[in-house]
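Report on the following structure.
So you know, we letter chains A, B, ... as the sequences are listed, proteins then strands, and number each from 1.
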Amino acid sequence: MSTQKLIRAFSRTHIPSNQHQETASNIVQALSYSSIEPLKHSPLIRSTLNSYVVQLVLSNPRLSLRSCLQFFNFLRENPAHKPDLAAHLTLICRLYDVRKFTDIQFVLNCIANDVNLRTPVSNIVSFVEHCTVDPIFVQKLCDMLFRVYADNGMFKEATGVFDYMEKSEIEIHERCCMVLLLALRSCDKMDTCFSFFQRIVGAKVEITAKSVAIVVSGLCVRGEVERAKGLMEVMVTKGIEPDVLAYNSLINGYCIRGMLEEAIKMKAIMEHKGFVPNVVTYSTIASGMCKLKRYEEAKKWLFAMIKRGFTHNLVTFNILINIYSKMGNLNEAHRLFEEMKEGGVRPDNVTYSTLIDGYSKKGDLQEMMWLFEEMEKGGVSPNMFVYNILINWCCETENLEEAERIFEKMKKGGVRPDTNAKLEEAGLLLGKLEKGGVRLDTFTYNTLIDAYCKEEKLEQSYKLRGCMEARGLRVDTVTYNILIDAFCKKGYFKEVERLFEEMEKDDVRANEVTYTIMEARGLRVNTVTYNILIDAFCNKGYFKEAERLFEEMEKNDVRANKVTYTIMIDMYCNRGNLTKAHKLRVVMEAMGIIPDLYTYASLINGEFSFGKLDVALKLFSEMKQRGVIPDLFIYTIIILGLSKHGRPDGALRLYDEMIEAG
DNA sequence: ATAGGGTTAG
């Protein structure tokens with residue numbers, strides 16, 4: 001009996017006494033005759049139950065494993081007799097004898113989660129080696145401990161096990177490493193994930209396309225397609241061909257970055273290499289089209305997929321329902337919804353939120369509530385997406401009564417709102433939701449913080465930020481942008497500076513992939529941050545500083561966008577430097593950014609102030625030609641400009657045009 | 001590996 005060896009090893013430090021032996025065998029006897037219940041109140045437990053007795057009990061072969069586990073769990077729940085490391089390991093040895101791996105994992109999980117029990121692997125192994133010479137046991141144990149640490153997000157400890165295994169030349173399986181790769185990926189620690197992957201490649205672990213796909217997908221989701229592609233190419237030179245999953249991830253990466261044509265090209269490449277695209281390949285591209293609002297195209301794409309013999313699944317149904325919903329065809333969306341149910345595909349939170357959102361945009365409250373009730377009845381409990389759609393709808397429509405009814409559904413609150421103000425309503429809603437245990441995310445908080453800032457209720461904003469942190473929610477770049485903007489507008493630059501220091505201290509990141517890759521890699525500030533500051537400096541007349549920031553953006557790989565260029569163009573126009581303004585406009589267009597209403601307004605205003613009416617009017621017609629619909633503001637600029645420069649006839653003509661356009 | 005909502009700047 002292997003556990004006996006453990007006892008012998010342990011007895012070197014613990015001198016066995018007859019009394020211990022006796023207590024142990026009494027407990028064993030008691031446990032064998034009945035359940036644990038009577039023992040709980042027995043004097044046996046209260047008196048001499050120490051570490052040594054516990055081990056004697058747990059390792060006694062006469063005691064069934066079932067009773068062992070009962071006894072162990074009883075001790076765990078008993079603060080006075082918490083089992084120690086030796087007890088855990090003794091139990092593990094017994095469990096290994098009958099190959100109860102799930103239970104071993106449970107015990108290891110106990111060790112990992114208890115600071116008093118946690119110990120380096122080497123200790124655990126040398127402890128266990130006293131009761132077995134089975135090398136497979138040690139390997140299995142390390143493997144399981146590694147997984148337990150990875151699953152618990154204890155990456156340092158997991159790496160420690162890996163180090164030990166590598167050093168001790170214990171065989172490491174790919175499946176085991178994949179657990180850590182997956183855990184790192186889901187925690188958004190892609191850099192660590194990437195370097196661990198490279199370690200595995202360097203170590204003697206036999207890896208397959210599966211591990212490669214995990215890393216590739218992680219990189220692609222962050223928009224780092226090129227890096228993922230590079231990794232795939234390197235792996236091919238090592239004899240590992242990528243699989244369909246990896247190719248699908250690359251396609252997804254391109255879609256995320258809005259590079260639809262590249263995505264479709266990648267599909268062709270994978271086909272050329274002999275891989276057959278699957279439903280996921282098609283859905284990924286369809287959703288890429290949806291991201292670009294090319295719904296008609298996405299619809300045709302999915303129809304073509306069905307024509308090729310693929311059948312709809314939950315995801316493709318959801319995408320298609322979303323397409324119709326976004327195009328405003330709720331009838332067709334609803335028809336598909338029925339079709340999927342008839343076909344045995346059960347709608348989920350995504351389906352319902354898509355439809356509820358669609359109906360909310362149509363203002364169809366009845367249909368919204370009907371769906372909301374149906375999902376609850378059908379056992380789909382509404383998640384944050386659904387609630388947020390409802391919250392937004394309440395805020396937008398200022399429908400307090402309905403909001404109340406929805407709150408009741410969510411959970412009981414207590415406070416009755418007494419005002420119709422959108423902000424108050426949203427704030428109350430937030431309080432109710434939190435009280436009801438509904439967790440809100442950073443987006444929702446940011447919305448409210450911004451609302452309070454705009455009302456100049458900065459203390460409230462700060463209070464909400466405190467709430468976020470207390471709930472362990474990540475304060476992100478957008479949160480800071482909102483606050484920075486608020487202080488900039490008030491001209492409190494000292495406070496802004498302090499905010500930047502705070503960002504640094506709290507390691508605040510931009511968590512978006514939508515802007516530039518650099519930002520996706522975790523840069524603190526984004527384009528909007530720069531825009532806020534540049535605009536603030538322009539308004540305060542710190543032009544040199546604004547120009548410096550504009551140049552700094554490029555250096556930091558933060559891409560200037562339409563707003564950035566417009567702010568700069570507007571500044572040059574206001575300072576009378578039309579040459580520079582037009583130069584920037586050329587740069588902007590070369591970047592593929594098309595000027596919009598704001599940009600044209602600045603340029604036209606600039607030309608007028610120099611009396612260049614013809615240029616101004618030429619810009620105006622150019623703007624209209626490009627499909628930019630003029631608004632009241634721009635008409636006012638032009639009409640005022642013309643009349644000021646002695647062209648009342650032209651002004652009148654434009655006035656008529658404006659009225660005609662509504 | 002794929003699907004749904006909402007945030008900041010001119």
## Note on the structure
Taking B/dG4, B/dT2, B/dT8 as options, the one with an atom nearest any side-chain atom of A/Asp450 is B/dT8
### Task
Kindly indicate whether the side chain of A/Asp243 and the base of B/dA1 share any N or O donor-acceptor pair separated by less than 3.5 Å?
no
### Summary
With the side chain defined as heavy atoms from C-beta on, A/Lys489 is closest, among B/dT8, B/dA9, B/dA3, to B/dA9
### Query
What residues form a ring pair (Phe, Tyr, Trp, His ring centres under 6.0 Å) with A/His582, not counting sequence neighbours?
none
### Task
Name the nucleic acid region contacted by A/Ser283, choosing base, sugar-phosphate or nothing; use a 4.0 angstrom heavy-atom cut-off, strictly under.
base
### Task
Check whether any side-chain nitrogen or oxygen of A/Asn252 sits under 4.0 Å from OP1 or OP2 of B/dT2, and answer yes or no.
yes
### Message
Less than 4.0 angstrom from a charged side-chain N to a carboxylate O is my criterion; do A/Lys299 and A/Glu296 meet it?
### Response
yes
### Task
Tell me what A/Lys326 touches on the nucleic acid: a base, only sugar-phosphate, or nothing, going by heavy atoms under 4.0 Å.
sugar-phosphate
Distance-only donor-acceptor pairs under 3.5 Å for side chains of residues 595-603 of chain A, two or more places apart:
residue, atom, partner, partner atom, Å
A/Asp596, OD1, A/Tyr598, N, 3.1
A/Asp596, OD1, A/Thr599, N, 3.3
A/Asp596, OD1, A/Thr599, OG1, 2.9
A/Thr599, OG1, A/Thr566, OG1, 3.1
A/Thr599, OG1, A/Asp596, N, 3.1
A/Tyr600, OH, A/Glu622, OE2, 2.6
A/Tyr600, OH, A/Arg626, NH1, 3.0
A/Ser602, OG, A/Asp570, OD1, 2.9
A/Ser602, OG, A/Tyr598, O, 3.3

### Task
State whether A/Lys291 places a side-chain N or O below 4.0 Å from either non-bridging phosphate oxygen (OP1 or OP2) of B/dG4.
no
### Task
Please work out if A/Thr599 contacts a base, only the sugar-phosphate, or nothing of the nucleic acid, heavy-atom cut-off 4.0 Å.
base
### Summary
Picking from B/dA1, B/dA9, B/dG4, the nucleotide nearest the side-chain atoms of A/Asn561 would be B/dA9
### Query
Just to confirm, is there a sub-4.0 Å distance from OP1 or OP2 of B/dT2 to any side-chain nitrogen or oxygen of A/Lys267?
no
### Query
For A/Arg465 and B/dT7, is the shortest distance between a side-chain N/O and OP1 or OP2 below 4.0 Å?
no
### Test: A/Arg465 cationic atom under 6.0 Å from A/Tyr452 six-membered ring centre, within 45° of axis
no
### Query
Just checking A/Asn383: base, sugar-phosphate only, or nothing, at a heavy-atom cut-off of under 4.0 Å?
base
### Query
Checking all strands, does A/Asn313 fall into the base, sugar-phosphate, or nothing category for heavy-atom contacts under 4.0 angstrom?
nothing
### Message
So for A/Thr354 and B/dG4, does any side-chain atom that can act as donor or acceptor lie under 3.5 Å from a complementary atom in the base?
### Response
no
### Task
Scan A/Thr447 against the nucleic acid and name what it touches under 4.0 Å (heavy atoms): base, sugar-phosphate only, or nothing.
sugar-phosphate
### Summary
Side-chain atoms of A/Asn531 come closest, of B/dA3, B/dG4, B/dA9, to B/dA9
### Query
Is it the case that A/Arg575 places NZ or CZ above or below the six-membered ring of A/Phe543, under 6.0 angstrom from the centre and within 45 degrees of the axis?
yes
### Message
Between the base of B/dG10 and the side chain of A/Asp596, is there a donor and acceptor pair under 3.5 angstrom?
### Response
yes
